2 protein chains.
Amino acid sequence: MSNLENTQAQMRKGVLEFCILSIISQGEIYPSDIIGKMKDAKLLVVEGTLYPLLTRLKNAGLLNYRWVESNSGPPRKYYVLTPIGENFLNELKLTWAELVLAVDETTNKTQTI
Amino acid sequence: MSNLENTQAQMRKGVLEFCILSIISQGEIYPSDIIGKMKDAKLLVVEGTLYPLLTRLKNAGLLNYRWVESNSGPPRKYYVLTPIGENFLNELKLTWAELVLAVDETTNKTQTI
DNA sequence: AAATAGTACCTTGCAACACATAGTACTAAA
DNA sequence: TTTAGTACTATGTGTTGCAAGGTACTATTT
């Protein structure tokens, strides 16, 4: 993996959890569809990343799920945010806004090119 | 470490390299001053993180340094970007801009609270 | 009925990396 | 010569993204 791809991946990692919680907050959803939505937003995420992450967030009390039968394959786990998860997400929204400000402050000091 | 602090740290990690390269691009600088500048921007970074990171970037050909004697302690390593480092930084600027767009698109879909 | 394809969820092992911690070395002041 | 301040270095640990491989269910095809 090149340096650039690696660093770009690092950036994506940092916001993964935030984006996934946001997507779930927009309505009950199951993992495969989360992957699709992330892909649409150019934020690739794969199964091996998503499933452990959802389990972690569930164990932390931020998510819940319910099984829903599908008529085109195996049953699906539909996830929703718990109240704790909602609070958590709101904190992250603040954090993200502050981070964008901080990064722009740090990186835009020599725009006199 | 709480979930929130942990996730916030993840976000910071993702942009560390970008910010540090930006700071160095603004003029020759040594590690302790980089830490200071990052702190000013609310992007805390510690020695145990910064030194290995600088070594990595140096080995990747993105940075160079020269020793400069100090009259108030041990000599300092002043870092500068190589031409490769400049290109790399420009790519990261693009990546960052795209990431901000992608995250905002993903997270601002339900602002009808 | 058996085989194949498609979908969905799960697990294991590895590698990268931030960070805490401890250590070395240099200068200046007490 | 001891202490304090500054700067760079090294080691060990925990988290976590991801590749790779696996299980299980349904529907379709043969």
Side-chain angles (χ1 to χ4, degrees), chain A residues 1-21 24 28-39 43-60 62-63 65-79 99, chain B residues 1-21 28-39 43-60 62-79 99:
Chain A
M1 197 185 216
S2 80
N3 289 317
L4 184 60
E5 284 164 355
N6 200 7
T7 305
Q8 290 171 334
Q10 285 294 324
M11 280 193 188
R12 252 187 302 116
K13 286 182 192 178
V15 296
L16 248 190
E17 203 169 309
F18 175 41
C19 290
I20 287 169
L21 285 172
I24 296 175
E28 216 180 23
I29 191 171
Y30 72 104
S32 295
D33 262 5
I34 293 177
I35 292 176
K37 288 217 177 191
M38 292 289 279
K39 196 175 172 185
L43 294 164
L44 291 185
V45 62
V46 296
E47 290 191 334
T49 301
L50 186 58
Y51 285 99
L53 176 58
L54 291 173
T55 302
R56 214 160 57 234
L57 296 174
K58 164 79 162 54
N59 290 340
L62 308 181
L63 296 180
Y65 65 80
R66 63 188 183 97
W67 285 103
V68 175
E69 296 295 323
S70 163
N71 53 5
S72 67
R76 301 164 174 172
K77 272 186 173 177
Y78 275 80
Y79 283 89
L99 182 70
Chain B
M1 200 185 215
S2 79
N3 288 317
L4 185 59
E5 283 164 355
N6 202 2
T7 304
Q8 290 171 333
Q10 285 294 326
M11 281 193 189
R12 251 187 304 117
K13 285 182 193 177
V15 296
L16 248 191
E17 205 170 307
F18 175 42
C19 290
I20 286 169
L21 285 172
E28 216 181 21
I29 191 171
Y30 72 104
S32 296
D33 263 6
I34 293 177
I35 293 176
K37 289 217 176 190
M38 293 289 281
K39 196 175 172 185
L43 292 164
L44 291 184
V45 62
V46 296
E47 289 191 333
T49 300
L50 184 60
Y51 284 99
L53 176 58
L54 291 174
T55 301
R56 213 159 58 235
L57 297 174
K58 166 79 164 50
N59 290 339
L62 307 181
L63 297 180
N64 263 323
Y65 64 80
R66 63 188 183 98
W67 286 101
V68 175
E69 296 295 322
S70 163
N71 54 3
S72 67
R76 300 164 174 172
K77 275 186 174 177
Y78 276 80
Y79 283 89
L99 183 71

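The model shown is predicted, which means the values in this text are computed figures rather than measured ones. Convention: sequence-line order gives letters A, B, ...; per-chain numbering from 1.
When rounded to the nearest whole Å, the span between NZ of B/K77 and P of D/dC8 equals 8 Å. As a whole-Å value, the separation of B/L54 CG from C/dC19 P is 14 Å. Between the CG atom of B/L43 and the P atom of C/dA18 there is a distance of 13 Å, given to the nearest Å. Following rounding to the nearest Å, A/L16 (CG) and D/dT15 (P) show an atom-to-atom distance of 18 Å. Atom CZ in A/R56 sits roughly 15 Å away from atom C1' in C/dC10 (whole-Å rounding). Taking atom CG on A/L50 and atom C1' on C/dC9, their separation rounds to 11 Å, with Å as the unit. Between the CH2 atom of B/W67 and the C1' atom of C/dT27 there is a distance of 15 Å, rounded to whole Å. Counting to the nearest Å, the P atom of C/dC26 and the OH atom of B/Y30 are 18 Å from each other.
In this structure, A/N6 reaches the C/dC17 phosphate: one of its side-chain N or O atoms is under 4.0 Å from OP1 or OP2. Phosphate proximity of C/dT11 to A/Y51: absent, as no side-chain N or O sits under 4.0 Å from OP1 or OP2. The side chain of B/R12 contributes an N or O atom lying less than 4.0 Å from OP1 or OP2 of C/dC19. For B/S32, a side-chain nitrogen or oxygen approaches OP1 or OP2 of D/dA7 to under 4.0 Å.
In this structure, the side chains of A/W67 and A/K77 come closer than 4.5 Å at one or more pairs of heavy atoms. When side chains are defined from C-beta on, B/D33 does not count as touching B/R76, because their heavy atoms never get closer than 4.5 Å. A heavy-atom distance below 4.5 Å is found between the side chains of A/L54 and A/I24.
Taken to the nearest 0.5 Å, the OH atom of A/Y30 stands 5.5 Å off from the OH atom of A/Y78. How far OG1 of B/T49 is from CD1 of B/I20: 8.5 Å, rounded to the nearest 0.5 Å.
Residue contacts for B/T49: at a heavy-atom cut-off of 4.0 Å it reaches a base atom on one of the strands shown. Within the nucleic acid shown, B/P52 has no heavy atom closer than 4.0 Å to any nucleic acid atom.
Mapping A/P74 and A/G48 onto DNA chain D by nearest heavy atom places A/G48 closer to the 5' end of the strand. Heavy-atom distances to DNA chain D give each of A/V46 and A/E69 a nearest nucleotide, and the one nearer the 5′ end belongs to A/V46.
Evaluation of atom-type donor-acceptor distances gives no pair under 3.5 Å for the side chain of B/E47 against the base of C/dC19.
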